[in-house]
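In what follows, a single structure is set out as structure tokens and then discussed.
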Amino acid sequence: AQSVTQPDIHITVSEGASLELRCNYSYGATPYLFWYVQSPGQGLQLLLKYFSGDTLVQGIKGFEAEFKRSQSSFNLRKPSVHWSDAAEYFCAVGASDYKLSFGAGTTVTVRA
Amino acid sequence: DVKVTQSSRYLVKRTGEKVFLECVQDMDHENMFWYRQDPGLGLRLIYFSYDVKMKEKGDIPEGYSVSREKKERFSLILESASTNQTSMYLCASSRAIGYTFGSGTRLTVV
């Protein structure tokens, strides 16, 4: 069975600073990997996804993520955060049965 | 723009009531899912469906059932609501790998 660990429950970052959110997964085969963002009171929006190919994936809102098979990781990065990036971020792993397993989430606070 | 619509954003129900949460998608997706979201636990899969009249249990199906009579609609049913079912409920649909989510229903059981 697949599983996801997001080691950081809460991260505070200054506006304009860089951001990195960690994600480690457990899955026997090549995984399908996702990052979603959830603004307060909203559903989840897809930021980016990795299926195969180039291990550095570009997403929306200036985010990118890097798949590292040797470390079972899929960390999310943004070079310069904006106040609107304050949200909760979820990493997810999917299998061929279309089900996704989600991590517990990381809440990002942006300070001025 | 593709959409997954959950009929209620906020719902307050009494213990023991039968509760229906409705989800409709307009993308002709085969796959539909119900998750509940709780702080510190992330999203947990309750039930899913790959086709009309099909349903499969997820990781936490106890206390819930589902109905999928039409392709576009997937209903979550709380047979007898309890306070530990107070949560955010998220519906999602997909054709392949990767979901489109609804905005969620925040259910409070009192």
Side-chain angles (χ1 to χ4, degrees), chain A residues 1-10 21-27 29-53 57 59-60 65 67 74 87-108, chain B residues 1-11 21 23-25 27 29-51 54-61 74 87-108:
Chain A
Q2 65 256 36
S3 66
V4 176
T5 301
Q6 294 181 244
D8 304 304
I9 297 172
H10 190 204
L21 304 183
R22 296 183 290 163
C23 172
N24 294 99
Y25 68 89
S26 173
Y27 185 60
T30 300
Y32 302 103
L33 294 162
F34 305 81
W35 275 100
Y36 285 86
V37 61
Q38 184 181 35
S39 298
Q42 300 298 314
L44 276 69
Q45 180 184 21
L46 179 66
L47 281 176
L48 47 78
K49 59 189 176 186
Y50 171 79
F51 287 0
S52 64
V57 180
I60 63 171
F67 171 58
F74 188 56
E88 191 163 18
Y89 293 79
F90 292 93
C91 181
V93 61
S96 56
D97 61 359
Y98 307 125
K99 292 186 291 182
L100 297 188
S101 294
F102 289 82
T106 299
T107 299
V108 173
Chain B
D1 202 12
V2 295
K3 274 188 104 167
V4 177
T5 302
Q6 295 184 232
S7 54
S8 303
R9 290 299 305 274
Y10 299 94
L11 216 49
L21 303 184
C23 176
V24 177
Q25 51 98 359
M27 297 164 284
H29 284 173
E30 288 77 20
N31 312 315
M32 296 189 75
F33 306 83
W34 274 106
Y35 286 81
R36 66 176 281 176
Q37 181 184 6
D38 300 287
L41 297 177
L43 280 71
R44 294 178 291 166
L45 182 62
I46 306 172
Y47 267 96
F48 59 102
S49 168
Y50 291 144
D51 202 350
M54 252 206 65
K55 59 185 178 184
E56 299 276 351
K57 292 180 180 179
D59 300 318
I60 52 163
F74 192 37
S87 187
M88 169 74 103
Y89 290 87
L90 291 165
C91 176
S93 73
S94 78
R95 176 168 287 119
I97 295 279
Y99 297 164
T100 300
F101 279 94
S103 298
T105 296
R106 184 164 295 282
L107 172 67
T108 301

Requested in this report: Calculate, to the nearest 0.5 Å, the distance between atoms NZ and OH belonging to A:Lys99 and B:Tyr35 respectively.
Outcome: 8.5 Å
Query - Parallel, tilted or perpendicular, as decided by the 30° and 60° cut-offs, for the rings of A:Phe102 and B:Phe101 - result: perpendicular
Query raised in the report: Is chain A contacted by the side chain of B:Arg106, its backbone, both, or neither, given a heavy-atom distance below 4.5 Å?
Result: neither
**Report entry** Atom pair OH/OH of B:Tyr99 and A:Tyr36 - distance to nearest 0.5 Å
**Finding:** 7.5 Å
Report summary line: Of B:Pro39, B:Gly58, B:Ala92, B:Ala96, the largest count of non-hydrogen pairs under 4.5 angstrom with chain A goes to B:Ala96
Query raised in the report: Tell me, side chain or backbone of A:Gln6 under 4.5 Å from chain B's heavy atoms, or both, or neither?
Result: neither
Requested in this report: Please flag which part of A:Ile9 lies under 4.5 Å from any non-hydrogen atom of chain B: side chain, backbone, both or neither.
Outcome: neither
Report summary line: Assert top hit (heavy-atom pairs under 4.5 Å, partner chain A, pool B:Leu90, B:Asn31, B:Leu41) equals B:Asn31
Query raised in the report: Is there a side-chain contact between A:Gln38 and B:Gln37, using heavy atoms and a 4.5 Å cut-off?
Result: yes
Query raised in the report: More than 12 foreign heavy atoms under 6.0 Å from OH of A:Tyr32: is that the case here?
Result: no
Query raised in the report: In Å, rounded to the nearest 0.5 Å, how long is the span from CE of B:Met88 to CD of A:Gln42?
Result: 8.0 Å
Requested in this report: Considering non-hydrogen atoms only, spot the tightest contact between A:Ala104 and B:Gly40 and give its length.
Outcome: CB-O, 3.5 Å
Requested in this report: Can you tell which part of A:Tyr98 gets under 4.5 Å to a heavy atom of chain B, answering side chain, backbone, both or neither?
Outcome: both
Query - 4.5 Å side-chain heavy-atom contact, A:Leu46 and B:Thr100 - result: no
Report task. Can you tell which part of B:Leu43 gets under 4.5 Å to a heavy atom of chain A, answering side chain, backbone, both or neither? Result -> both
